[in-house]
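Following: one structure in structure tokens, then a few remarks.
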Protein chains: 2
Amino acid sequence: MVYNNSVDSKPGSVYIPPARRHQTPRRAMHEPAYLHIANTIADRIGAGEYRPGDQLPTESQLRREFGVSPATIRRAVNILLDRGLVTTTQGKGTFVRSLDIGEAVFRLQQITEMWTGGGDAEVLLLEARIVPAHGQVCFMLRLEPGDPLVYMRRLIKRAGIPLIYQVEHVLYDEHRPLVETQLQITSLDGLLMAGHAEGVPSGRLTIQAVSLDHEAARQLAVPPGSPAFCLEHLFRDFEGRPVSWGMFLCRADQFRLTTHIGVSPGGEEG
Amino acid sequence: MVYNNSVDSKPGSVYIPPARRHQTPRRAMHEPAYLHIANTIADRIGAGEYRPGDQLPTESQLRREFGVSPATIRRAVNILLDRGLVTTTQGKGTFVRSLDIGEAVFRLQQITEMWTGGGDAEVLLLEARIVPAHGQVCFMLRLEPGDPLVYMRRLIKRAGIPLIYQVEHVLYDEHRPLVETQLQITSLDGLLMAGHAEGVPSGRLTIQAVSLDHEAARQLAVPPGSPAFCLEHLFRDFEGRPVSWGMFLCRADQFRLTTHIGVSPGGEEG
DNA sequence: CAGTGGTCTAGACCACATG
DNA sequence: ATGTGGTCTAGACCACTGC
């Protein structure tokens, strides 16, 4: 079957006629069945009805209980699977996982929301000039020492409080309008969009704890040696060549990452 | 339709006969079609074939191109969706997203792997005693001041290097065998399983940058004031009551979190 | 061998957006 | 009204596990 006929709707088929199709016997409407099923099972796990190590009802049993097709059950189980609540092994069954700290994932969005949430944040361009590459920058951006690149420093403030001190190196290439674009970025949206320009499809981010040096501490208005998150970023173009490298230094007293493991706390209806 | 007949296999149905069923015309075999399609599209985005803002081919076009059913295309698009590569809006289409730093997610597994990867890590129980609750612990575990709880300190070393200094408070309840279990945990697997015992289905984790105080710095063999990751954990039982609160202090020079955004770098076959 | 999860099909119906 | 994504069905086939 090549499956290239146009988008169906030939009357008289192998389908059950529209008679007695459940219009919306759904529980709260506008919640898909697969989501409802996934949430229901998750709630049972959270309530201890299904305990870690237990085998879940088989998909046949589940589809009988919920009265849906196999595919819908499969989709629900897949959701639980990548929520980390269960494991499945083919031929054996689906089992409730015990809680593993390693499952936790932290979303960087929590940090970016800090300066996109309220509209009163501002970006100050402290410095921007063309400098010759040297030291570690050469290695990160794969440049020869002396190659020109754009060096920039920015400060992000909110309600008068400095939050983030950013240092960035960008490839200097007169064939790309990158530089002009970069220099003008004193808006927030621009800083969030990686590379701040088109042609950047991928990047690597690293976060670690650091102590602030004198200059960074001065800009962030904290004592030297204060702790901070260091968010290092490296962006590449379509050919995989690095085009931008830098770091965001985030005051530790202003930033934290929080997440939940196991059954989510915002457990709505059951 | 109640859909409770047993698991099918009645011969002679509405299905196309096994004649000319593609056994494995799959590209590298053992790769599902939906995954292959998702990866193929992701590669095109990474190569700049589909640019940010562009509309992807409609699902009808895609299913013609790949010769699969609508459901398979949908599944592939869903994968791209929660990889953050595209957005979909009903009635309009599927569009390539421009890279957003906020999309990044960091997996805590990177940290736990540090002491589960090699087998030469060890856990030292520095202290364990029953103390009356006081101060912030009362608030976190919802206790009255003076209520008994178990106070523990542990040190995780690897290859002789101290990596993590852990402080933990656990509810003292003689009806639960929690205490005995807790005290014996000097193994790594036990530390990873949240709550270290059954009955803990959910938890909250927070990570932030801190400066080490004298005691922590001494245990970790670094100068006081050195930076560190502070991983705070709070676990709850099936009724939602907090049962355990503590923190892992991780030497900054030993731990970092790395992630990738956009098209993944380990892009295999195209 | 039967039971389980994993994949896929060929449609249908719905909700939404646009001209 | 047409085209888009979003959901779902009824059933098939496959791979794996365990008896």
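Side-chain atoms are counted along with the backbone in the values below, which use heavy atoms only and exclude waters and symmetry mates.
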Of all residues at least two apart in sequence or in a different chain, which pass the salt bridge (charged side-chain N to carboxylate O under 4.0 Å, His left out) check with [X]?
| X | answer |
| --- | --- |
| B/E65 | B/R44 |
| A/R83 | none |
| A/R75 | none |

Atom [atom1] of [X] and atom [atom2] of [N]: how far apart are they, to the nearest Å?
| X | N | atom1 | atom2 | result |
| --- | --- | --- | --- | --- |
| B/L35 | C/dC8 | CG | C1' | 14 Å |
| B/I41 | D/dG5 | CD1 | P | 11 Å |
| B/H36 | C/dC8 | NE2 | C1' | 15 Å |
| A/R63 | D/dT9 | CZ | C1' | 11 Å |
| A/R64 | C/dG3 | CZ | C1' | 12 Å |
| B/I73 | C/dA10 | CD1 | P | 13 Å |
| A/Q55 | C/dT4 | CD | P | 8 Å |
| B/L62 | D/dG6 | CG | P | 13 Å |

Per [X] side chain, nearest of listed nucleotides [options]:
| X | options | result |
| --- | --- | --- |
| B/P32 | D/dA10, C/dT9, C/dC8 | C/dC8 |
| A/T58 | C/dC8, C/dG11, C/dT4 | C/dT4 |
| B/A33 | C/dC8, C/dG5, D/dC8 | C/dC8 |

### Evaluation steps, salt bridge (Lys or Arg N to Asp or Glu O under 4.0 Å), between B/R158 and B/E122
CA-CA 6 Å; B/R158 175 166 169 155; B/E122 52 177 340; over 6 Å; no
Kindly write out the residues that satisfy side chain to side chain contact (heavy atoms under 4.5 Å, CB included) with [X], not counting sequence neighbours, or none if the list is empty.
| X | value |
| --- | --- |
| B/T87 | B/F95, B/R97 |
| A/T72 | A/A33, A/Y34, A/I37, A/V68, A/S69 |
| B/E232 | B/M140, B/R204, B/T206, B/W245 |
| A/Q61 | A/P57, A/T58, A/R64 |

Has [X] got a side-chain N or O lying under 4.0 Å from the OP1 or OP2 atom of [N]?
| X | N | result |
| --- | --- | --- |
| B/S69 | C/dA10 | no |
| A/T72 | D/dT9 | yes |
| B/R74 | D/dG5 | no |
| A/R75 | D/dT7 | yes |
| B/Y34 | C/dT7 | yes |

### Proximity to DNA chain C (any heavy atom under 4.0 Å), residues of residues 78-88 of chain A only
A/T88
### Query
Quick one: do A/E168 and A/R154 make a salt bridge, cutoff under 4.0 Å?
yes
Pull out every protein N or O sitting under 3.5 Å from an N or O of nucleotides 17-19 of chain C, one pair per line with the distance.
none

### Message
Using 0.5 Å steps for rounding, measure from the CD atom of A/Q110 to the CZ atom of A/F255.
### Response
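Separation between the atoms: 11.5 Å.
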